[in-house]
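See structure below.
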There are 2 protein chains.
Amino acid sequence: MQTSPAQAPATVEAFRARLAEISGGLPKRLRQCAEHIAANTDRIAVSTVAELAAGADVPPSALMRFCQLMGFSGFSEMQKLFREAYSPGWPDYATRLENLRKGQSGGPAALLAEFIEAGRASLEMLARTTDEAALSKAVSLLGAAGTLHVAGFRRAFPVASYLTYVLDKMSVPAMLHDGVGKLDHRHALRPGDALIAITFAPYSEETLAIAADARARGLSVVALTDHLTSPLAAHASAVITVPEVDFGAFRSLSATIALALALAVAVGTARSDR
Amino acid sequence: MQTSPAQAPATVEAFRARLAEISGGLPKRLRQCAEHIAANTDRIAVSTVAELAAGADVPPSALMRFCQLMGFSGFSEMQKLFREAYSPGWPDYATRLENLRKGQSGGPAALLAEFIEAGRASLEMLARTTDEAALSKAVSLLGAAGTLHVAGFRRAFPVASYLTYVLDKMSVPAMLHDGVGKLDHRHALRPGDALIAITFAPYSEETLAIAADARARGLSVVALTDHLTSPLAAHASAVITVPEVDFGAFRSLSATIALALALAVAVGTARSDR
DNA sequence: GCGGAAATGGAATAATTATTCCAAACAAGG
DNA sequence: CCTTGTTTGGAATAATTATTCCATTTCCGC
C-alpha cells in the first residue's frame with residue numbers, strides 16, 4: 001500500500017478527493033470498502049460499522065482499516081464528519097430537479113433535468129400502457145426459437161446492442177445485425193430462428209427490409225416500435241409499442257431500454273427452463 | 001398525563017401526528033423534550049440521547065421517558081424509524097428482485113414493472129446526486145475540443161453508440177471506438193481532440209487502455225463511470241458519476257442514457273455557438 | 001403546612017458498538 | 001519449496017451509549 005498523508009479530511013469534498021486519491025492499487029477487501037463507501041456515502045451518517053461492513057461484504061475490521069487509511073483515527077471520527085454535514089434529509093427529488101432547472105437556463109444541468117423528467121414520464125407511461133398479452137406472446141415466440149436476430153439502426157441501435165448484450169449474458173444465442181461493411185447477413189436467418197426488429201419514426205428502411213425478409217422466410221418477427229400503425233407492424237407476429245416522451249427534438253430512450261432489458265431477461269429465463 | 005395508545009408510529013407522518021396528539025398538557029421537562037424534538041426532528045437520526053437531551057436542556061432520563069411516551073420502547077427504536085426513513089425507498093431493492101427471480105410472480109409483465117421501477121429510482125438518484133460542476137467542466141472541455149472520440153464496451157457500448165449518434169445528429173465530429181476488427185484506432189487520437197470514456201464495474205480493460213493512452217497524448221478525457229473510485233477516474237480530467245440500480249448482470253441503463261443525452265446536447269449547443 | 005401523587009435527576013447497570021490485536025492465509029520473490 | 005512481508009478474519013477488549021431504578025423534589029388539593 002503506497003498511501004501516506006494521513007491527514008483526516010475535514011469536508012465532504014476533501015473526503016471524496018482523498019477517496020479518489022487512495023483508490024488506485026488497493027487490496028481486495030479495502031477496495032470493496034472504498035467502492036461501497038463511494039456508492040453509499042450518504043449512509044455513513046446513519047449506519048454502524050457492522051452495517052456498512054456487511055454492505056461491503058467485508059468484516060468490520062477491514063472497514064476500520066479503511067477508515068484509518070482515509071486518515072481518520074477510526075470510524076467514529078469519520079462518521080462525525082458526516083453527521084455534522086448532515087443536512088435535514090436531502091432536498092427531495094422535486095426540489096432538486098427544480099434547482100437543476102433554474103441554474104442558468106440552457107446550461108448542462110438544466111438540460112439534464114429536462115431529460116430526467118422526460119425519462120421518468122416515459123417510464124410511467126410505459127407502465128400504464130404496456131400490452132401484457134403482446135409482451136407474453138413475444139416472450140413465448142422468442143423462447144421457442146433458435147437463434148435470435150436483433151436489428152436496429154440509428155436511434156434504435158443502442159437498444160439493439162443492449163438487447164443483444166443481455167441475451168448473450170443469459171446464454172441465449174443472439175446475433176446483432178449491425179450493418180458493418182454493408183453485409184446484411186441475410187442468410188443467417190434460418191428456419192426456426194426469430195427476429196427482434198426495432199425502429200421508430202422515421203422508420204429505417206434497412207430494418208423494415210430485414211423484417212420483411214424474415215417474414216417471407218417464415219421466421220417469427222417481434223416488433224419493438226412506437227405505434228401499432230408503424231410500417232413494421234405489418235411484418236410482425238407480435239408488436240410491442242413503447243411510448244417515449246420527447247423534449248425538443250430529442251427523444252429519451254429510458255423506457256425503451258427498460259423494456260428491452262425486461263424482454264431479454266424474460267426470454268433468457270424462459271429458455272433456461274426449457 | 002393523559003396519554004394512552006402506546007402504539008409506536010411507523011412513519012414520519014405518524015410520528016408527527018402522535019407528537020401533536022400528546023403535546024397538550026405535558027409537564028415541564030417533557031414539554032421541553034417535545035419542543036426540541038419537534039424543532040429538530042431531522043437530527044434524531046444522527047444524534048445520541050445525550051446530545052438531544054443536552055439540546056433540550058433536560059437530563060437523558062427525561063428524554064428516555066419522552067420516547068416511551070411517544071410509544072417507542074426506547075430511544076433506539078425511535079431513532080431506527082428516522083434512520084430508515086432517511087434513504088427513502090432504498091432498503092431492499094436487491095431483495096425484491098431476488099424474490100421476483102425465484103417466485104416467478106406474474107411473468108414478463110412483473111419483470112417489466114420491476115425494471116421500470118429500477119429505472120425510475122435510478123433517474124431520481126441521478127437528479128439528487130449530479131455534480132453540476134463536473135458536468136459543466138466536461139461540457140466546456142468537450143466544447144473546446146476537435147474531434148470527440150467515444151469509447152465504451154459491453155454494457156457501456158449502447159451508451160457510447162447513443163452518444164455518438166446524438167453528437168453526429170448535432171453536427172459534432174464524433175468517432176465511436178467500437179473495437180470492430182480489433183482495430184484500436186489509436187492514431188485517430190490527435191492533439192486537440194477529446195475522449196469520452198464510459199465504463200462500469202467490472203471495468204473494461206480496453207476502455208481503461210484507451211483512456212490512459214489518450215491521457216498520455218495530452219487529450220482531455222471525460223469519464224462516465226459509476227464511482228469516483230473507478231480506475232477510470234485516474235485518467236480523467238472530468239469525472240461524471242451515474243448511480244444506477246444494479247442487480248447482478250442486469251443494470252438498468254435509464255439514468256446513464258439520460259445523462260448521455262444531456263451531455264451530447266449540451267456539447268452540441270456549446271459548439272454551435274462558438 | 002400536610003399527604004399523596006406525579007415528576008425529576010443522577011448514579012448504576014445493561015446493551016451495543018467501536019477498536020485493537022494476533023494468528024492464520026496469502027502473495028511475491030528468491 | 002522456503003522466506004518475508006502483506007492482507008485478512010475473528011475473537012477479545014475498550015469505549016460509548018442507552019436504559020433502568022430509586023431517592024429526592026415538586027406540585028396540588030385539602
Side-chain angles (χ1 to χ4, degrees), chain A residues 1-4 6 8-9 15 22-37 40-41 43-84 86, chain B residues 1-4 6 8-9 15 19 22-37 40-41 43-84 86 229:
Chain A
M1 200 183 319
Q2 80 301 12
T3 44
S4 42
F15 177 88
I22 64 170
S23 57
L26 243 40
K28 184 155 164 249
R29 290 282 110 105
L30 289 176
R31 198 182 20 174
Q32 283 173 254
C33 291
E35 275 165 20
H36 186 253
I37 290 293
N40 297 61
T41 317
R43 283 253 205 54
I44 298 175
V46 295
S47 303
T48 66
V49 173
E51 283 163 359
L52 285 171
D57 200 24
V58 300
S61 48
L63 212 136
M64 277 323 283
R65 277 192 289 269
F66 172 79
C67 296
Q68 286 159 359
L69 228 146
M70 287 289 292
F72 298 100
S73 69
F75 175 76
S76 300
E77 194 180 301
M78 179 169 111
Q79 189 175 53
K80 194 161 144 241
L81 171 63
F82 289 94
R83 288 196 164 173
E84 277 160 12
Y86 174 93
Chain B
M1 199 187 321
Q2 82 298 15
T3 46
S4 42
F15 178 88
L19 190 53
I22 64 170
S23 52
L26 241 38
K28 186 161 163 239
R29 292 281 111 109
L30 288 177
R31 186 159 27 96
Q32 283 173 254
C33 290
E35 277 165 16
H36 186 253
I37 289 293
N40 298 63
T41 317
R43 304 238 30 117
I44 297 175
V46 295
S47 304
T48 65
V49 174
E51 284 163 0
L52 285 172
D57 199 27
V58 300
S61 47
L63 210 135
M64 246 13 246
R65 276 192 288 271
F66 171 79
C67 295
Q68 286 159 357
L69 229 142
M70 286 289 292
F72 298 100
S73 70
F75 176 75
S76 299
E77 193 180 302
M78 180 167 109
Q79 189 175 54
K80 192 158 145 245
L81 170 63
F82 289 93
R83 289 194 166 175
E84 276 163 12
Y86 170 64
T229 64

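This one's a predicted model, so the numbers in the text were calculated from it and none came from an experiment. In the text below, chain A, chain B and the rest are named by the order of the sequence lines, each starting its count at 1.
If you measure from atom CZ of B:R31 to atom P of C:dA7, you get 12 Å, rounded to the nearest angstrom. Regarding A:L69, its CG atom lies at a distance of 14 Å from the P atom of D:dT6, rounded to whole Å. Atom-to-atom, CD of B:Q68 to P of D:dA18 comes out at 14 Å; the value is rounded to the nearest Å. Rounded to a whole Å, the CE atom of B:M78 is 16 Å from the P atom of D:dT17. As rounded to whole Å, 13 Å separates atom P of C:dT16 from atom CD of B:E77. Residue A:F75 contributes atom CZ, which lies 12 Å from atom P of D:dT17 at whole-angstrom precision. Whole-Å rounding puts the B:R83 CZ to D:dT17 P distance at 11 Å. A:R29 places its CZ atom 20 Å from the P atom of C:dA24, with the value rounded to the nearest Å.
Considering all non-hydrogen atoms of both residues, B:I44 and B:Q79 come closest at O-NE2, 3.2 Å. Across all non-hydrogen atoms, the minimal contact from B:I22 to B:M70 is CD1-SD, 3.6 Å.
Not counting sequence neighbours, the partners of B:T41 by the side chain to side chain donor-acceptor pair (under 3.5 Å) test are B:R16. By the side-chain contact (heavy atoms from CB on, under 4.5 Å) test, A:A34 pairs with A:L19, A:L26, A:F66, B:T229, sequence neighbours left out. Legend: residues meeting side-chain contact (heavy atoms from CB on, under 4.5 Å) with A:K80, ordered by chain and number and at least two apart, are A:E84. With sequence neighbours left out, A:F72 forms a ring pair (Phe, Tyr, Trp, His ring centres under 6.0 Å) with no residue at all.
Near DNA chain C, meaning a heavy atom under 4.0 Å from it, residues 54-67 of chain B has B:P59, B:S61, B:R65 in order of number.
Checked against C:dG9, C:dA18, D:dT8, the side chain of A:P27 finds its nearest nucleotide in D:dT8. When distances are taken from the side chain of A:S76 to each of C:dT8, D:dT8, C:dT19, the shortest belongs to C:dT19. Of the candidate nucleotides C:dT8, C:dA18, D:dT17, D:dT17 has the atom lying nearest to any side-chain atom of B:T48.
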Enumerate, atom names and distances included, each donor-acceptor pair closer than 3.5 Å involving a side-chain atom of residues 46-64 of chain B, sequence neighbours excluded.
{"from": "B:S47", "atom 1": "OG", "to": "B:R43", "atom 2": "O", "distance (Å)": "2.8"}
{"from": "B:T48", "atom 1": "OG1", "to": "B:A50", "atom 2": "N", "distance (Å)": "3.4"}
{"from": "B:T48", "atom 1": "OG1", "to": "B:E51", "atom 2": "N", "distance (Å)": "3.1"}
{"from": "B:E51", "atom 1": "OE1", "to": "B:T48", "atom 2": "N", "distance (Å)": "3.1"}

